[in-house]
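None of these values were measured; they are calculated from a predicted model. Lettering of chains follows the sequences in order, A, B, ..., and the numbering in each one begins at 1.
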There are 2 protein chains.
Amino acid sequence: MRRAEGLRDQLEQDIVTGHFKPGERLDEQSLASRFGVSRTPVREALMQLASTGMVELQPRRGAFVASLGFKEIIERFETMAALEGMCGALAARRITDEQRSKLVEAHEACVAEAKDGASDSYYYANERFHQVIYEACHNAYLAEQARQLHTRLKPYRRLQLRARHRVSNSLAEHQKIVEAILAGDSTKAEQRLRDHILIQGQRLNDFISSFGSAKVA
Amino acid sequence: MRRAEGLRDQLEQDIVTGHFKPGERLDEQSLASRFGVSRTPVREALMQLASTGMVELQPRRGAFVASLGFKEIIERFETMAALEGMCGALAARRITDEQRSKLVEAHEACVAEAKDGASDSYYYANERFHQVIYEACHNAYLAEQARQLHTRLKPYRRLQLRARHRVSNSLAEHQKIVEAILAGDSTKAEQRLRDHILIQGQRLNDFISSFGSAKVA
DNA sequence: CATGCGGTTTTTGTATACGAAATCCTTGAC
DNA sequence: GTCAAGGATTTCGTATACAAAAACCGCATG
């Protein structure tokens with residue numbers, strides 16, 4: 001057997017898609033037989049996922065799909081706001097001509113998807129939009145950190161998109177972000193990108209509160 | 001044998017203190033016998049260190065002490081500036097009375113150590129100063145991310161402290177940061193803390209340039 | 001003298017084995 | 001009927017074994 005790397009991605013996918021639910025226990029032996037490998041590579045994959053916060057490892061107890069409480073989710077949105085804000089600030093100063101085109105294209109794709117009303121397809125266009133900004137900041141490490149949090153918060157982002165008028169408001173925010181970056185205004189780009197993320201946390205808060213539960217996705 | 005957790009910290013210490021030098025290859029078998037354990041816990045420790053960026057794992061090639069080039073170091077300082085800036089902004093709004101006292105104490109300890117002229121002891125006081133701010137931001141996740149980068153950049157921070165007038169300038173920056181946080185001015189706190197970090201990158205740049213080498217510590 | 005090739009050796013990645021800790025389940029006492 | 005104690009069982013953490021890939025080395029060759 002020669003494939004521990006893929007194991008991690010497979011498990012991550014199963015968690016993000018909800019195949020394994022938050023709080024669920026991940027038995028090493030079960031996963032091993034499920035993937036046709038021994039426990040060793042499974043343990044390695046679990047440890048990697050633990051380092052990204054996807055699973056929680058309790059010593060001598062086992063691995064559990066991390067279920068973030070409301071507080072933990074907000075904390076991550078705040079952290080992401082800091083990272084994305086810096087991405088925006090740097091992107092405004094460093095974006096290349098080619099990336100300018102990509103940014104506009106990605107934004108227009110978001111507008112197009114939003115018209116169709118399907119929040120899922122909007123989500124993917126939105127994801128691409130942020131990826132372009134990550135690239136444009138020309139800081140591979142910062143981009144990677146932002147990307148990781150982005151992935152980790154994926155289930156919660158999708159949730160808040162269903163709040164009333166959230167998509168149209170999100171689009172308006174994107175518009176202002178694009179303008180700031182293209183104008184090379186790093187201060188405005190940072191402020192707007194940061195607020196864009198923090199607002200998502202706020203809307204998620206509203207969304208969760210309206211159902212009276214802190215454990216979601 | 002029942003101690004894989006400690007292995008990670010021991011290895012980390014050996015890397016930060018320079019016992020294992022950047023670029024050096026870390027043989028699993030050697031480490032195993034060195035610590036009196038088998039390869040399994042060593043591999044787990046190496047993977048954990050890889051997730052924090054302390055070591056680089058090349059598939060089928062082995063583990064190497066990560067040697068950051070100049071570009072990679074600057075990238076991390078920029079990312080850290082984003083995280084610390086957010087820490088400062090949040091701390092200005094959320095710091096408790098007890099933490100206010102701690103902050104002032106930590107700052108005064110820095111002043112005291114700076115008088116003695118020993119940049120090493122100043123470094124530790126400086127470390128504590130930042131730890132207090134991490135706590136005061138009341139965001140455990142953000143604090144942990146900042147702490148990790150802080151540890152990772154430790155060797156480079158120490159280096160730039162030796163630049164001319166760096167310690168006294170650093171102190172002046174701390175003073176302004178404390179004032180902003182105590183005044184509850186999140187905007188100023190963020191700006192000053194961010195600049196404080198970015199300046200470190202700049203000074204490190206100067207320091208490295210004056211020796212004509214991009215690989216340090 | 002540099003260089004490419006083949007075999008040997010080292011080292012990683014995975015599988016399996018084993019001891020220890022935690023959980024579960026039975027059983028007995030109150 | 002409830003609850004606690006003790007052993008059986010499960011599962012984690014580590015050690016060891018083995019297969020495969022890469023590094024190493026000597027030798028021959030241009």
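Using a 3.5 Å distance cut-off with no hydrogens or angles, the side chains of A:Gln29 and A:Arg39 do not pair a donor with an acceptor.
Across the protein-nucleic acid pair, A:Leu7 atom CG and C:dG13 atom P stand 14 Å apart, rounded to whole Å. Spacing between atom CG of A:Leu46 and atom P of D:dG13 amounts to 10 Å, rounded to whole angstrom units. Rounded to an integer number of Å, the gap from B:Glu28 CD to D:dA15 P is 13 Å. The distance from atom CE of A:Met47 to atom P of C:dG13 is 13 Å, rounded to the nearest whole Å. As rounded to whole Å, 12 Å separates atom C1' of C:dG13 from atom CG of B:Leu57. In this structure, A:Gln29 places its CD atom 18 Å from P of D:dT9, rounding to the nearest Å. Between A:Gln58 atom CD and D:dT10 atom P the separation is 21 Å, expressed in whole Å.
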Practice task
Given side-chain contact (heavy atoms from CB on, under 4.5 Å), test B:Asp195 with B:Glu173 step by step and report yes or no.
Solution key: CA-CA 9 Å; B:Asp195 289 345; B:Glu173 289 157 23; over 6 Å; no

Practice task
Could you walk me through whether B:Glu24 and B:Lys21 pass the salt bridge (charged side-chain N to carboxylate O under 4.0 Å, His left out) test, one step at a time?
Solution key: CA-CA 5 Å; B:Glu24 188 174 343; B:Lys21 298 198 176 68; 5.9 Å; no

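Comparing atom distances between the A:Pro41 side chain and each of C:dA15, D:dA21, D:dT14 picks out C:dA15 as nearest. Counting only heavy atoms from C-beta on, A:Asp27 has its side chain closest to D:dT11 among D:dT11, C:dG13, C:dG19. Closest to the B:Glu44 side chain, of the nucleotides D:dC12, C:dT14, D:dT14, is D:dT14. Residue B:Ser38 has its side chain nearest to D:dA15 when only C:dT12, D:dC12, D:dA15 are considered. Between D:dG13, C:dA15, D:dC18, one nucleotide has an atom nearer to the side chain of B:Arg39 than all others, and that is D:dC18. Which of D:dT11, D:dG13, D:dA21 sits closest to the side chain of A:Arg25 comes down to D:dT11.
Comparing A:Pro59 and A:Thr40 along DNA chain C, the residue whose closest nucleotide (by nearest heavy atom) sits nearer the 5' end is A:Thr40.
For the pair B:Arg60 and C:dG13, the criterion of a side-chain N or O lying under 4.0 Å from OP1 or OP2 is not met. Between A:Arg61 and the phosphate of C:dT23, there is a side-chain N or O to OP1/OP2 separation shorter than 4.0 Å. A close approach under 4.0 Å does occur between a side-chain nitrogen or oxygen of A:Arg43 and OP1 or OP2 of D:dG13.
More than 12 heavy atoms of other shown residues, nucleotides or ligands fall within 6.0 angstrom of atom CD in A:Gln58.
Paired with A:Glu84 under the rule side chain to side chain donor-acceptor pair (under 3.5 Å), one option of A:Arg194, A:His130, A:His196 passes, and it is A:His130.
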